Amino acid sequence: MKSLPILLLLLFLGSFSIQAQDIRVYKEPEFGFDWSKPSEYPDRIVLTFGEDATSEISVNWRTNTEIKTAFAELAVATGAPKFWRNAITQKAQTEVFEASQIATAEVDANYHSATFSNLTPETVYAYRVGDGTRWSEWFQFKTPSDQAGKKFSFLYLGDAQNYILELWARLIREGYRKAPDADFIIHAGDLINYAHREQEWHEWFTAGGFIHSMLPTLAVPGNHEYNYLNEADRESRKRSLSIQWKPQFSFPLNGPKGLEETAFFIDYPDAKFIFLDSNRDHELQAAWLEETLQANNKQWVIVSYHHPLFSASAGRDNEALRKLWKPIFDKYQVDLALQGHDHSYGRGRVSPGENVMDGMNMRDKTGTVYVVSVSGGKMYGIKPDGWEEWGAVRDRAAENTQLFQVVSIEGNKLLFESYTAIGELYDKFELTKGEDGVNQFRDYKEELPAEFRFSNTTPYEDQLPQIVEEGLLKAYPGFEVRQVRFFEEKGKARIRVILQKDDQTKDLILDQEGRVLSEKEN
């Protein structure tokens, strides 16, 4: 016999019918095991800068283990189709990648890399990679100008991490469409979710496609780029950098010892870009950072790392990291800090002088501007009360919104623009550097739309149709809806609802019409 609450609910809902479109069960894509395996043809082709971005660039790619010798060809590109007559061919370095015994990786491959040096600044080059028989297509890139004051731009992306191919692909492609002349892309960590998982890396490379092969990648590892390699490591809590990281990227080797290719810097004529690994060795990096900035002679300094010094999301704070790194940023007048991790958006700033805020001063001048952004499909709620308790002003925030950023620098001006995944301008500010190194700040908030929240965007969580919710709360007086999840069972849509009243919990399964099929009490 059905319980009384279920009978009451059925009586209440008996005269109503929920339209099928109200209950939409999302079906995630499934990938076969062989989908991410390498072949004899080059794949995962990605560019990275050397220390001097104007004259050195590297390319990495992957094949199966049958390809033991590989080459890269480079030519100055022209409009003539046989520009390749002037190409040079150089043998690549090949690294054997043995991961068949590592859970979620389970593959053996060969990774190949080549570095093109002594390039001419502000020149379009074409390159291809292969084994001498099986070649990639010709890709093109343009080296930056070596002239100070010349305009350049780049893309900055927060965490891709989840739903990479299905949802992040649209974001990075829209970013490329919005800024096709960008020089490179900064990824602020958590490129994937499970550090060593081949499928996710394959999703990341597939989502970006030719963009990875034409715009150099500059990336830092996030916490999700570190994980256990085996059960023994899990028991000892030893987390390792993604085994794919170093074979598939060639970042400069100018960082602290032991942090090669996770902490490094690159130079533009007007700017120094510093990348930090916020997962470990914070004090070691602090000493290296101070030494690097002390020797710096560039007009602009931009840093990127994963864990924010000023968190965007509720209930998260990296106080120890802030106390260690922020004084160095302040001392050397770091202009912009590009962060990830929090799966929401926050943009704010600190005083140009002492750490105590000066309201008059902050109207038109600023110290470091801190940005947290997310590019993938996983979303958290923002910190509701801003950054004032940490001695900073948060000027703009967003929830439940995939974003990419375009940053342009020309002489003493820096323009920052943030766009949604459909190319809408969401945030904008401008810095003008004074002769004393202090930046004049201009906010464009008056020209921007209202801030996005979970309450005024497409619902992130599954939502009960109103009539079903009203019926449930009438049948279960005093209870509140705590969780709703749509799922499919034997081809039919189902709704799981968790109700809560004090310490009493009910776990209900409903059909598509809102009828209760089962009830458990916890």
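Keep in mind that what you see is a predicted model, and the values were worked out from it rather than measured. All values below come from the heavy atoms of this structure, side chains included, with hydrogens, waters and symmetry mates left out.
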The residue among E424, R396, Q405 that forms side chain to side chain donor-acceptor pair (under 3.5 Å) with S418 is Q405
Step by step, would you call K178 with E417 a salt bridge (charged side-chain N to carboxylate O under 4.0 Å, His left out)? CA-CA 11 Å; K178 181 66 68 174; E417 296 171 304; over 6 Å; no
Establish, from distance only, whether the side-chain atoms of Q440 and D364 form a donor-acceptor pair under 3.5 Å. no
Over 60° means perpendicular and under 30° means parallel, so tell me whether W204 and W201 are parallel, tilted or perpendicular. perpendicular
Considering only residues two or more places apart or on different chains, which pairs with a residue in residues 44-56 satisfy salt bridge (charged side-chain N to carboxylate O under 4.0 Å, His left out)? R44-E198
Applying side chain to side chain contact (heavy atoms under 4.5 Å, CB included) to F310 and R394, what does each step give before you reach the verdict? CA-CA 9 Å; F310 297 95; R394 188 180 71 191; over 6 Å; no
Is it true that atom CD of Q101 has more than 12 heavy atoms of other residues, nucleotides or ligands lying nearer than 6.0 Å? no
Residues Y125, Q140; criterion side-chain hydrogen bond (donor to acceptor under 3.5 Å, both in side chains); working and verdict: CA-CA 6 Å; Y125 285 92; Q140 292 185 172; over 6 Å; no
Hey, does W390 have a side-chain heavy atom less than 4.5 Å from the side chain of D317? yes
Residue set satisfying side-chain contact (heavy atoms from CB on, under 4.5 Å) with A195, at least two apart, ordered chain then number -> N227, S242
List the steps, then state whether side-chain hydrogen bond (donor to acceptor under 3.5 Å, both in side chains) holds for E225 with H306. CA-CA 11 Å; E225 269 78 56; H306 185 62; over 6 Å; no
Kindly state whether the ring of W325 and the ring of H307 have centres lying under 6.0 angstrom apart. no
Tell me every residue that passes side chain to side chain donor-acceptor pair (under 3.5 Å) with R177, counting only those two or more places apart in sequence or in another chain. E174
Any residue meeting ring pair (Phe, Tyr, Trp, His ring centres under 6.0 Å) with F487, in chain and number order, not counting sequence neighbours: none
Gap between atom CZ of R280 and atom CG of L241 - 0.5 Å precision: 6.5 Å
Are any of the side-chain nitrogens in R347 or D395 under 4.0 Å away from the carboxylate oxygens of its partner? yes
Note, L165 side chain near Q199 side chain (heavy atom, < 4.5 Å): no
Of all residues at least two apart in sequence or in a different chain, which pass the side-chain contact (heavy atoms from CB on, under 4.5 Å) check with D181? none
CA sep, side-chain torsions, deciding dist, call: T115, Q93, side chain to side chain contact (heavy atoms under 4.5 Å, CB included): CA-CA 9 Å; T115 297; Q93 292 186 332; over 6 Å; no
Any chance you could measure D427, atom CG, to L403, atom CG, to the nearest 0.5 Å? 8.5 Å
Which value, rounded to the nearest 0.5 Å, describes the distance between R173 atom CZ and F210 atom CZ? 8.5 Å
Ring pair (Phe, Tyr, Trp, His ring centres under 6.0 Å) partners for H112, two or more places apart: W61
Under 3.5 Å, is there a donor-acceptor pair linking the side chains of N110 and T94? no
Between the side chains of T54 and D146, does any donor sit under 3.5 Å from an acceptor? no
Tell me, please, which residues at least two apart from K246 pass side chain to side chain donor-acceptor pair (under 3.5 Å). none
Can you tell me which residue pairs pass the ring pair (Phe, Tyr, Trp, His ring centres under 6.0 Å) test with a partner in residues 398-422, sequence neighbours excluded? F404-Y419, F416-F429
I would like to know whether F116 and V59 meet side chain to side chain contact (heavy atoms under 4.5 Å, CB included); could you show each step before the answer? CA-CA 8 Å; F116 305 125; V59 58; 4.0 Å; yes
Going by side chain to side chain donor-acceptor pair (under 3.5 Å), name the residues that satisfy it together with S153, two or more places apart in sequence or in a different chain. none
Does this structure show an ion pair linking R322 with E319, if we count only N-O contacts that are shorter than 4.0 Å? no
Set of residues satisfying side chain to side chain donor-acceptor pair (under 3.5 Å) with respect to N64, sequence neighbours excluded: none
Any chance you could measure E28, atom CD, to E30, atom CD, to the nearest 0.5 Å? 9.0 Å
Under 6.0 Å between ring centres, would you say that holds for F154 and F273? yes
For a quick check under 3.5 Å, do T420 and T401 share a side-chain donor-acceptor pair by atom type? no
Who are the ring pair (Phe, Tyr, Trp, His ring centres under 6.0 Å) partners of Y111, not counting sequence neighbours? F97
If you look only at distance, which donor and acceptor atoms sit under 3.5 Å apart when one is on a side chain in residues 374-386 and the other is two or more places apart or in another chain?
| residue | atom | partner | partner atom | Å |
| --- | --- | --- | --- | --- |
| S375 | OG | G158 | O | 2.7 |
| S375 | OG | D159 | O | 3.1 |
| S375 | OG | W168 | NE1 | 2.9 |
| K378 | NZ | Y380 | OH | 3.1 |
| K383 | NZ | D385 | OD1 | 2.7 |
| K383 | NZ | G386 | O | 2.6 |
| K383 | NZ | E389 | OE2 | 2.7 |

Y194 OH: over 12 foreign heavy atoms closer than 6.0 Å: no
Which of F251, F141, Y268 passes ring pair (Phe, Tyr, Trp, His ring centres under 6.0 Å) with F184? Answer is Y268
Q402 versus Y163, side-chain donor and acceptor atoms under 3.5 Å: no
